[in-house]
Amino acid sequence: MSKNILITGGAGFIGSHVIRLFVNSYEDYNIVNLDLLTYAGNLENLTDIKDAPNYTFVKGDICDADLMDQLFEEHQINAVIHLAAESHVDRSITDPLSFIRTNIFGTATLLNTARKYWKGREDVLFYHVSTDEVYGTLGETGLFTEATSYDPRSPYSASKASSDHLVRAYYHTYDLPVVLSNCSNNYGPNQFPEKLIPLIINNIKHNKQLPIYGDGKYTRDWLWVKDHAEAIDLIFHQGAVGETYNIGGHNEWKNIDLVELLCDLMDEKLGRPQGEARKLITFIKDRPGHDRRYAIDAAKIQDALGWTPSLNTQEGMTETIKWYLDNEQWMENVTSGEYQKYYDDQYA
Ligand code: NAD
Ligand code: TYD
């Protein structure tokens, strides 16, 4: 049976890498990309594959139950890879209800359509893409495993935790075939510059201050976005139904150390004297409820599916910087309009 896959949020950062991988790797699959094109969705991320015969784009909202029914019917959807979400922690602090609407109600709407259309079927799959932030925060030591208790602390992570619980509830209650993954922080091409790495790269380029929250010793486990897309491909095809897989980079960095690395790589790339960009570092007021440390134990996906990250940090950051400098127009387009007001409010 051919696969007709509804991928939600495919015009966003991670979604666009997943769409490209699936469209290019699986010519016999029909890929339907459903995306509302919020501030974070951008069809420029997909110009290279937009005319592929196995690809269809639909602009729409995952909260729209009639549209979900129509898409399942029209495209005979037999798999979902669900990435659509409000994804930025800082925005969830100023506007939590948008996160509750999209991440919780939207996921429930999609699950409900799948339950209705797939009743009793085993040849179908609902793949829910989630975050390690559902586990809360770590101290100096320890790693998140699939067995770590949920302890979300921001409106974003609480909304993602809720969506994870709903996905598992549909598995247990309605026998809906599901699989989940919880991934650490991604970086790479096409990430919206509200997130740390593209924000820092863009600000260094324009000689603007580099805002570091609090003492800068908050730790994240960074993963190259294309490695996440590869992991999603593996889990989609080989993951066990009902299971959860943690995905992470084995790549912990304190924010300040990572920003200093970006400063030094950017100085070199832009031909500026070493040390120049570091002068722009500015410690600012901390994020409320800021999680101290995230780090993933990725042993399960490594042992069960043979997945490991491909790039080291130096390679990954160098590639990332190159992409943003080579794609100035992309950055200009996404930072014009709404973004400027967001930036001014956030960093006033
Ligand atoms: P993103 O913000 O770049 O993209 C989200 C996409 O969802 C956008 O294209 C947006 O237009 C779309 N969208 C938003 N609301 C929608 C709605 N109501 N209906 C349809 N589409 C809608 O996010 P991202 O960083 O690519 O994250 C994708 C997924 O991966 C999210 O579920 C996120 O929680 C998860 N995740 C992200 C990271 C990370 O580091 N970025 C890490 C782990 C997991
Ligand atoms: P971010 O990219 O927003 O991802 P997340 O909050 O989902 O981990 O932030 C990564 C880290 O960088 C986090 O500890 C917050 C910090 N940060 C700053 O110090 N300054 C900034 O301007 C931003 C956006 C983030």
Side-chain angles (χ1 to χ4, degrees), residues 7-19 33-43 45-46 58-64 67-68 81-93 98-99 101-103 105-107 109-110 128-134 137 154 156-157 159-160 163-164 181-188 190-200 203 209-223 225 228-229 232 246-249 253-256 258-259 281-287 289-294 296 334 343 346-347:
I7 301 186
T8 69
F13 166 48
I14 300 169
S16 61
H17 289 278
V18 173
I19 293 263
N33 173 12
L34 171 70
D35 197 297
L36 186 57
L37 300 182
T38 67
Y39 78 91
N42 183 356
L43 289 177
N45 295 346
L46 293 166
V58 178
K59 180 174 181 209
D61 189 341
I62 54 166
C63 299
D64 180 346
L67 176 64
M68 295 311 102
I81 305 178
H82 176 37
L83 297 110
E86 288 294 336
S87 70
H88 191 43
V89 174
D90 291 326
R91 288 186 195 251
S92 83
I93 294 168
S98 302
F99 286 68
R101 179 185 179 278
T102 295
N103 300 359
F105 185 70
T107 302
T109 305
L110 203 49
H128 180 61
V129 175
S130 194
T131 167
D132 62 352
E133 303 190 23
V134 298
T137 187
S154 73
Y156 165 64
S157 54
S159 68
K160 290 297 290 188
S163 66
D164 292 10
S181 56
N182 294 83
C183 187
S184 64
N185 288 63
N186 286 214
Y187 71 93
N190 306 99
Q191 186 167 32
F192 194 80
E194 64 194 351
K195 304 279 176 19
L196 181 70
I197 290 175
L199 184 142
I200 294 295
N203 282 15
Q209 68 159 33
L210 310 179
I212 311 286
Y213 298 157
D215 66 0
K217 293 185 181 150
Y218 293 84
T219 299
R220 298 293 182 263
D221 176 359
W222 292 97
L223 180 67
V225 62
H228 188 188
I232 289 174
N246 278 357
I247 309 169
W253 284 80
K254 288 195 169 54
N255 292 336
I256 185 64
L258 185 70
V259 168
I281 291 174
T282 312
F283 290 90
I284 65 167
K285 192 166 166 289
D286 211 347
R287 171 188 281 176
H290 199 170
D291 288 336
R292 191 65 171 165
R293 176 171 164 259
Y294 303 143
I296 283 277
V334 299
Y343 188 90
Q346 184 66 23
Y347 298 103

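In each ligand, atom 1 is the first atom listed, and ligand 1 is the first ligand listed.
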For [atom], closest protein heavy-atom neighbour:
{"atom": "atom 37 (C) of ligand 1", "answer": "Ile14 CD1, 3.3 Å"}
{"atom": "atom 34 (O) of ligand 1", "answer": "Tyr156 OH, 2.7 Å"}
{"atom": "atom 19 (N) of ligand 1", "answer": "Ile62 N, 3.0 Å"}
{"atom": "atom 8 (O) of ligand 2", "answer": "Arg220 NE, 2.7 Å"}
{"atom": "atom 40 (O) of ligand 1", "answer": "Asn186 N, 2.8 Å"}
{"atom": "atom 14 (O) of ligand 2", "answer": "His290 NE2, 2.7 Å"}
{"atom": "atom 6 (O) of ligand 2", "answer": "Arg287 NH1, 2.5 Å"}
{"atom": "atom 28 (C) of ligand 1", "answer": "Leu83 O, 3.5 Å"}
{"atom": "atom 3 (O) of ligand 1", "answer": "Phe13 N, 3.0 Å"}
{"atom": "atom 42 (C) of ligand 1", "answer": "Ser184 O, 3.3 Å"}
{"atom": "atom 7 (O) of ligand 2", "answer": "Glu133 OE2, 2.6 Å"}
{"atom": "atom 21 (N) of ligand 1", "answer": "Leu36 N, 3.1 Å"}

Checking Ser16 against Asn190 for the side chain to side chain donor-acceptor pair (under 3.5 Å) test, could you report, in this order, the C-alpha distance in whole Å, the side-chain angles of both residues, the deciding distance, and whether it holds? CA-CA 8 Å; Ser16 61; Asn190 306 99; 4.6 Å; no
Are the side chain of Asp35 and the backbone of Lys59 linked by a donor-acceptor contact shorter than 3.5 Å?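 Answer holds: no.
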Can any side-chain N or O of Ser154 pair as donor or acceptor with the backbone N or O of Val89 at less than 3.5 Å?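 No, Ser154 side chain to Val89 backbone: no donor-acceptor pair under 3.5 Å.
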Checking the N or O distance criterion of under 3.5 Å, is ligand 2 in contact with [X]?
{"X": "Trp222", "value": "no"}
{"X": "Tyr294", "value": "no"}
{"X": "Asp90", "value": "no"}

Does ligand 1 come near enough to [X] that some N or O of the ligand is less than 3.5 Å from an N or O of the residue?
{"X": "Cys183", "value": "no"}
{"X": "Gln191", "value": "no"}
{"X": "Leu34", "value": "no"}
{"X": "Ser87", "value": "yes"}
{"X": "Asp35", "value": "yes"}
{"X": "Gly12", "value": "yes"}
{"X": "Cys63", "value": "no"}
{"X": "Asn42", "value": "no"}

For ligand 2, is Gln346 a contact, meaning one of its heavy atoms is under 4.0 Å away?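 Flag not set, Gln346 not near ligand 2.
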With a cutoff of 4.0 Å, is Tyr347 in contact with ligand 2, counting heavy atoms of the residue only?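 Distance cut 4.0 Å: Tyr347 passes for ligand 2.
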Provide the closest heavy-atom pair for [X] versus [Y] in the form atom of the first, atom of the second, distance.
{"X": "Phe283", "Y": "Gly214", "result": "CD2-O, 3.2 Å"}
{"X": "Gly249", "Y": "Leu223", "result": "CA-CD1, 3.8 Å"}
{"X": "Asp221", "Y": "Ser184", "result": "O-OG, 2.8 Å"}
{"X": "Thr8", "Y": "Ala84", "result": "OG1-N, 3.0 Å"}

Can you list the atoms of ligand 1 that are under 4.0 Å from a heavy atom of [X]?
{"X": "Asp61", "result": "17 (C), 18 (N), 19 (N)"}
{"X": "Leu37", "result": "11 (O)"}
{"X": "Asn185", "result": "40 (O)"}
{"X": "Ser130", "result": "43 (C), 44 (C)"}
{"X": "Gly60", "result": "19 (N), 20 (C)"}
{"X": "Lys160", "result": "31 (C), 32 (O), 33 (C), 34 (O)"}
{"X": "Thr102", "result": "15 (N), 16 (C), 18 (N)"}

For [atom], which of the options [options] provides the nearest non-hydrogen atom?
{"atom": "atom 25 (C) of ligand 2", "options": "Tyr213, Tyr343, Phe192", "result": "Tyr213"}
{"atom": "atom 5 (C) of ligand 1", "options": "Ala40, Gly9, Ser181, Ala85", "result": "Ala85"}
{"atom": "atom 2 (O) of ligand 2", "options": "Asn255, Leu196, Leu199, Leu210", "result": "Leu196"}

Please confirm whether Thr8 approaches ligand 1 to less than 4.0 Å, judged on its heavy atoms.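 It does not, in that no heavy atom of Thr8 comes within the 4.0 Å cut-off of ligand 1.
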Show the atoms of ligand 2 that are less than 4.0 angstrom away from any heavy atom in [X].
{"X": "Glu194", "result": "24 (C)"}
{"X": "Pro211", "result": "18 (C), 19 (O), 20 (N), 21 (C), 22 (O)"}
{"X": "His88", "result": "3 (O)"}
{"X": "Ile212", "result": "19 (O)"}
{"X": "Val89", "result": "6 (O), 7 (O)"}

Which one holds for Asn185 and ligand 2: side chain close, backbone close, both close, or neither close, with close meaning a heavy atom under 4.0 Å?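 For Asn185, the contact with ligand 2 is made by the side chain alone.
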Kindly assign one of parallel, tilted or perpendicular to the pair His290 and Tyr213, based on the angle between their ring planes and the thresholds 30° and 60°.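 His290 vs Tyr213 ring planes: perpendicular.
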For Arg220, the option from Asn185, Ile197, Asp132 that meets side-chain contact (heavy atoms from CB on, under 4.5 Å):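 Going through Asn185, Ile197, Asp132 one by one, the side-chain contact (heavy atoms from CB on, under 4.5 Å) with Arg220 is satisfied by Asn185 alone.
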Which bit of [X] is near ligand 1, meaning a heavy atom under 4.0 Å away: side chain, backbone, both or neither?
{"X": "His88", "answer": "neither"}
{"X": "Asp132", "answer": "neither"}
{"X": "Val129", "answer": "both"}

Side-chain heavy-atom pair [X], [Y] within 4.5 angstrom cut-off:
{"X": "Ile81", "Y": "Val129", "value": "yes"}
{"X": "Tyr347", "Y": "Ile284", "value": "yes"}
{"X": "Trp222", "Y": "Trp253", "value": "yes"}

Glu133 and Lys160 ion-paired at < 4.0 Å: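 No.
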Decide, yes or no, whether a salt bridge links Asp215 with Arg292 under the criterion of side-chain N to carboxylate O below 4.0 Å.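 The answer is yes: the pair qualifies as a salt bridge.
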Is Phe105 atom CZ crowded by more than 12 heavy atoms from other residues, nucleotides or ligands, each under 6.0 Å away?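 Atom CZ in Phe105 is not crowded, with 12 or fewer foreign heavy atoms closer than 6.0 Å.
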Is Arg91 positioned over the aromatic face of Tyr39, cation under 6.0 angstrom from the ring centre and no more than 45 degrees off axis?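 Yes.
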